[in-house]
**Q** 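Once you've had a glance at the structure underneath, I'll fire off some questions.
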Amino acid sequence: MKALGVDLGTTSIAAVVYDTAASRVAWCQARPHGAELRTDDPLASLQDAERMLALAERMVEMGLSEHPDVAAIGVTGQMHGVVYLDAHLSPVSPLFTWQDRRGGQEAAPGETFAERLSRLTGCRVHIGYGLATHACLAYHGLVPQGASWLATLPDAFAARLVGLSRPRAHASLAHSMGGFDLDQGAFVAGGLREAGIGLSCLPEVAPDLHILGEHRGIPVAVALGDHQASFLGAVGVEEGGVLVNIGTGAQVSVCVRGRPELPPGAELRPFVGDLRLAVAATLAGGAAYALVAAFFDRVVRMHGLEPTRSTYDVLDEAIAAWRQSGGGPFPRVRPTFFGSRSSDEDGARVERWTAAGMAPEAFAWGVLSGVAEELHEGFCRLPPCGPDGPRALAGAGNALRVNRHLRDAVEAAFGRPVELAPDPEEAAQGAARWAAMAVTA
């Protein structure tokens, strides 16, 4: 069977056609969406939802024209963020992404919107989760006129593909919005109502491997969260499997059964059936390194020069030469430039940066090492994979795939090799495999 998977990501839209019989990708396309919107609010993170949906629709049609024998369509995309939709499921707002920090503003003295939702629902709601952002927007009267529904972007896209009148969400994406009880498989109605959020605007929760409807006669599965889709694409449905996923943000996750006790800073997310993902997530994966590249790019421009090469390429070569010559002292960087989900850290920390390590490549390597070390700290809080731990780590995410130094830093931090999937766009592959599973269930 051939299945098409599309991923509405933070920086790009990707689509693949996956051949389940051959266990390989038959077609793959990825395009930057350029949907970021400027805003004067330093806490806001907005993207043009309609632009992303339109590009995703074109990618689906491209895949179907190349492979008319596709028998299932799967959707995934960035979790946590939300978009307001009208009665016809057209966006009436930008996408408020997972990087939006307004849920961390005070709802009452000494309590943020995210903390208030956590207290009222009994579910840990982090800053950046859609319902925390919605609570802040509603408090300030910023919910747009004509809004009938609030949904994640992948759920909006899947509903649009099949012509639903109300979005439906798998537990993976419903849980990512916040205020969702993992054991009950439902939003916490009482706590949300007490917070001023009614269930009538939220997606209907769909079961596992649910077919929403058809697009051009092809079954479309309910959308799956991009974290779960990446795990499915890179690891499969494997209890004890471990995935390090580094894109714009980063996560390390272990597939577990049931509901093991987790320490603060770790989180349990829905996966397939009674399998769940124990995860430690950070806010800065590839985004931390992007800040480094932008910093050095700006230094060049301050000298009145226009960069003639990609700053990423220049840094890659400089780090390679520095490491080949023996490296040397480098700063220890805690890359919490965007804060942390597991603590109240505000801003990154740089330590032990000596005169001997005062070099651009040493600082860049320090940031990459810091990204890897923060993930390893999270991994150490997760349930054990066995007496000896995993033999290898499955790796996913474009930042990990394209940056060899980041892979080396992860392997050094974890003390194990990283095994990348043979083909890129693991989340889109996972969405395709999810759809194939739904059709044959």
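Along the sequence shown, residues carry numbers from 1.
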**Q** Quick one: which residue pairs count as a salt bridge (Lys or Arg N to Asp or Glu O under 4.0 Å) with a foot in residues 418-433, not counting sequence neighbours?
**A**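 Listed by first then second residue: Arg401-Glu426.
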**Q** Would you say the side-chain atoms of Glu411 pair up with the backbone N or O of Val418, donor to acceptor, closer than 3.5 Å?
**A**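 A pair under 3.5 Å: yes.
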**Q** For the residue pair Tyr129 and His80, categorise the inter-ring angle as parallel (less than 30°), tilted (30 to 60°) or perpendicular (more than 60°).
**A**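 Ring orientation of Tyr129 relative to His80: parallel.
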**Q** Do Thr152 and Asp155 have a side chain donor and acceptor closer than 3.5 Å?
**A**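 Yes, a side-chain donor-acceptor pair sits under 3.5 Å.
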**Q** Considering non-hydrogen atoms only, spot the tightest contact between Gly198 and Cys201 and give its length.
**A**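 The answer is O-SG, 3.5 Å.
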**Q** Under the side-chain hydrogen bond (donor to acceptor under 3.5 Å, both in side chains) rule, what pairs show up with a residue in residues 217-245, not counting sequence neighbours?
**A**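 Sorted pair list: His227-Ser253, His227-Arg269, Ser230-Asn245, Glu239-Arg257.
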**Q** If you compare all heavy atoms of Ala441 against all heavy atoms of Leu209, which two are closest, and at what distance to 0.1 Å?
**A**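 Shortest heavy-atom contact: CB-CD1, 4.2 Å.
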**Q** Which word best sums up how the rings of Tyr84 and His134 line up, parallel for under 30°, tilted for 30 to 60°, or perpendicular for over 60°?
**A**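 Aromatic pair Tyr84/His134 classed tilted.
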**Q** Does a side-chain heavy-atom distance below 4.5 Å link Leu85 with Val92?
**A**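 With C-beta onward as the side chain, the pair stays apart.
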**Q** Which heavy atom in Pro203 sits nearest to a heavy atom in Phe187, and how many Å separate them?
**A**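 Heavy atoms only, the tightest pair is O-CE1, 3.9 Å.
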**Q** Before giving the answer on salt bridge (Lys or Arg N to Asp or Glu O under 4.0 Å), spell out for Glu204 and Arg166 the whole-Å C-alpha distance, their side-chain angles and the decisive distance to 0.1 Å.
**A** CA-CA 7 Å; Glu204 179 184 4; Arg166 176 181 181 177; 5.3 Å; no
**Q** Under a 4.5 Å cut-off applied to non-hydrogen side-chain atoms, are Leu202 and Leu192 in contact?
**A**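 Yes, side chains in contact.
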**Q** With distance as the sole test, does Arg24 use its side chain to make a donor-acceptor pair with the main-chain N or O of Ala22 at under 3.5 Å?
**A**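 Checked: no pair found.
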**Q** When rounded to the nearest 0.5 angstrom, what distance separates CG in Leu161 from NE2 in His215?
**A**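 Between Leu161 CG and His215 NE2, I get 5.5 Å after rounding to 0.5 Å.
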**Q** Output yes when a side-chain donor or acceptor of Ser369 lies under 3.5 Å from a complementary backbone atom of Ala409, and no otherwise.
**A**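 Looks like no, no N/O pair under 3.5 Å.
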**Q** Rounded to the nearest 0.5 Å, what's the gap from CZ on Phe113 to CG on Leu137? Could you check?
**A**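 Going from the CZ atom of Phe113 to the CG atom of Leu137 covers 9.0 Å.
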**Q** Would you mind reporting whether Val70 and Ile218 have side-chain heavy atoms less than 4.5 Å apart?
**A**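 Ile218 vs Val70: side chains touch.
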**Q** Listed by chain and number, what are the side-chain contact (heavy atoms from CB on, under 4.5 Å) partners of Ala35, not counting sequence neighbours?
**A**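 Applying side-chain contact (heavy atoms from CB on, under 4.5 Å) to Ala35 gives His33, Gln47, Asp48, Arg51, Met52.
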**Q** Would His175 and Met79 count as a side chain to side chain contact (heavy atoms under 4.5 Å, CB included) here? Give the steps.
**A** CA-CA 9 Å; His175 180 264; Met79 299 161 61; over 6 Å; no
**Q** Write out all pairs satisfying ring pair (Phe, Tyr, Trp, His ring centres under 6.0 Å) with one or both partners inside residues 419-441, taking only residues at least two apart or from two chains.
**A**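 Sorted result for residues 419-441: His170-Trp434.
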**Q** Hey, does Leu46 have a side-chain heavy atom less than 4.5 Å from the side chain of Thr97?
**A**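 Not touching, per the 4.5 Å side-chain cut-off.
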**Q** Rounded to the nearest 0.5 Å, how far does CG of Asp297 lie from CZ of Phe295?
**A**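 It is 11.5 Å, given to the nearest 0.5 Å.
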**Q** Examine distances only and state if a side-chain atom of Ser118 and a backbone atom of Val125 form a donor-acceptor pair shorter than 3.5 Å.
**A**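 It does hold such a pair.
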**Q** Could you check whether any side-chain N or O of Ser45 sits under 3.5 Å from a backbone N or O of Gln99, counting only pairs where one atom can act as donor and the other as acceptor?
**A**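 The answer is no, because no donor-acceptor pair under 3.5 Å joins these two groups.
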**Q** Would you please test Met59 and Leu55 for side chain to side chain contact (heavy atoms under 4.5 Å, CB included) and show each step?
**A** CA-CA 6 Å; Met59 299 286 275; Leu55 178 55; 4.3 Å; yes
**Q** Side chains of Thr20 and Tyr18, heavy atoms from C-beta outward: is any pair under 4.5 Å?
**A**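 Thr20 reaches Tyr18 side chain to side chain.
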**Q** Between the side chains of Glu373 and Arg334, is the shortest nitrogen-to-carboxylate-oxygen separation below 4.0 Å, so that they form an ion pair?
**A**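 Glu373 and Arg334: not salt-bridged.
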**Q** For residues 2-9, tabulate all N or O donor-acceptor pairs below 3.5 Å that involve a side-chain atom, not counting sequence neighbours.
**A**
unit_1 : atom_1 : unit_2 : atom_2 : d
Lys2   : NZ     : His67  : ND1    : 3.0
Lys2   : NZ     : Asp69  : OD2    : 3.4

**Q** List the steps and the verdict of side chain to side chain contact (heavy atoms under 4.5 Å, CB included) for Arg216 and Leu64.
**A** CA-CA 10 Å; Arg216 290 175 44 182; Leu64 295 181; 3.9 Å; yes
**Q** Over all heavy atoms of both residues, which pair between Trp149 and Asp86 is shortest? Give the atoms and the distance, please.
**A**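 Looking at all heavy atoms of both residues, the closest pair is CD1-O, 3.4 Å.
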**Q** Assess whether side chain to side chain contact (heavy atoms under 4.5 Å, CB included) is satisfied between Val371 and Thr282, documenting all intermediate values.
**A** CA-CA 9 Å; Val371 169; Thr282 69; 5.7 Å; no
**Q** Is there a donor-acceptor contact under 3.5 Å linking the side chains of Trp98 and Ser176?
**A**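 Ser176 and Trp98 do not have a side-chain donor-acceptor pair below 3.5 Å.
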**Q** Between CE of Met437 and CG of Leu224, what distance do you get to the nearest 0.5 Å?
**A**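 If we round to the nearest 0.5 Å, Met437:CE and Leu224:CG are 9.0 Å apart.
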**Q** With distance as the sole test, does Glu115 use its side chain to make a donor-acceptor pair with the main-chain N or O of Thr112 at under 3.5 Å?
**A**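 Yes, Glu115 side chain to Thr112 backbone: donor-acceptor pair under 3.5 Å.
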**Q** Taking NZ, NE, NH1 and NH2 as the nitrogens, is one of them in Arg404 or Asp408 under 4.0 Å from a carboxylate oxygen of the other?
**A**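 Answer for the salt bridge query: no.
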**Q** Would you say Arg102's side chain and Cys136's backbone share a donor-acceptor pair under 3.5 angstrom?
**A**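 Here the side-chain-to-backbone pair does not exist.
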**Q** What's the spacing between Thr76 OG1 and Leu173 CG if we round to 0.5 Å?
**A**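 Rounded to the nearest 0.5 Å, the OG1-CG separation comes out at 6.5 Å.
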**Q** With a 4.5 Å cut-off on side-chain heavy atoms, are Ile246 and Leu406 touching?
**A**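 Side chain of Leu406 against side chain of Ile246, heavy atoms only: contact under 4.5 Å found.
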**Q** Should the pair Tyr312 and Tyr289 be assigned to parallel (<30°), tilted (30 to 60°) or perpendicular (>60°) ring geometry?
**A**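 Rings of Tyr312 and Tyr289: tilted, as their planes differ by 30° to 60°.
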**Q** Sorted by first residue and then second, give each salt bridge (Lys or Arg N to Asp or Glu O under 4.0 Å) pair with at least one member in residues 173-193; sequence neighbours left out.
**A**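 Non-adjacent pairs meeting salt bridge (Lys or Arg N to Asp or Glu O under 4.0 Å): Asp183-Arg259, Asp183-Arg276.
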**Q** So for atom CZ, which belongs to Phe337, do other residues, nucleotides or ligands contribute more than 12 heavy atoms lying within a distance under 6.0 Å?
**A**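 Yes, the 6.0 Å shell around CZ holds more than 12 heavy atoms from other groups.
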**Q** Just checking His140: does its NE2 atom have more than 12 heavy atoms from other residues, nucleotides or ligands closer to it than 6.0 angstrom?
**A**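 Yes, because the 6.0 Å sphere around NE2 of His140 holds more than 12 heavy atoms from other groups.
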**Q** How far apart are the closest heavy atoms of Leu89 and Ser165, and which atoms are they?
**A**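 In terms of heavy atoms, the two residues are closest at CD2-O, 4.1 Å.
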**Q** Quick check: do Leu131 and Phe180 have side-chain heavy atoms less than 4.5 Å from each other?
**A**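 Not in contact.
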**Q** Could you check if a side-chain atom of His405 sits within less than 4.5 angstrom of a side-chain atom of Leu315, using non-hydrogen atoms only?
**A**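 Contact flag for His405/Leu315 side chains = no.
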**Q** Any chance you could measure Leu368, atom CG, to Phe363, atom CZ, to the nearest 0.5 Å?
**A**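 Leu368 atom CG to Phe363 atom CZ measures 10.0 Å (nearest 0.5 Å).
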**Q** Give me the atom names and distance for the closest heavy-atom approach of Ala221 to Leu212.
**A**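 It is O-CD1, 3.9 Å.
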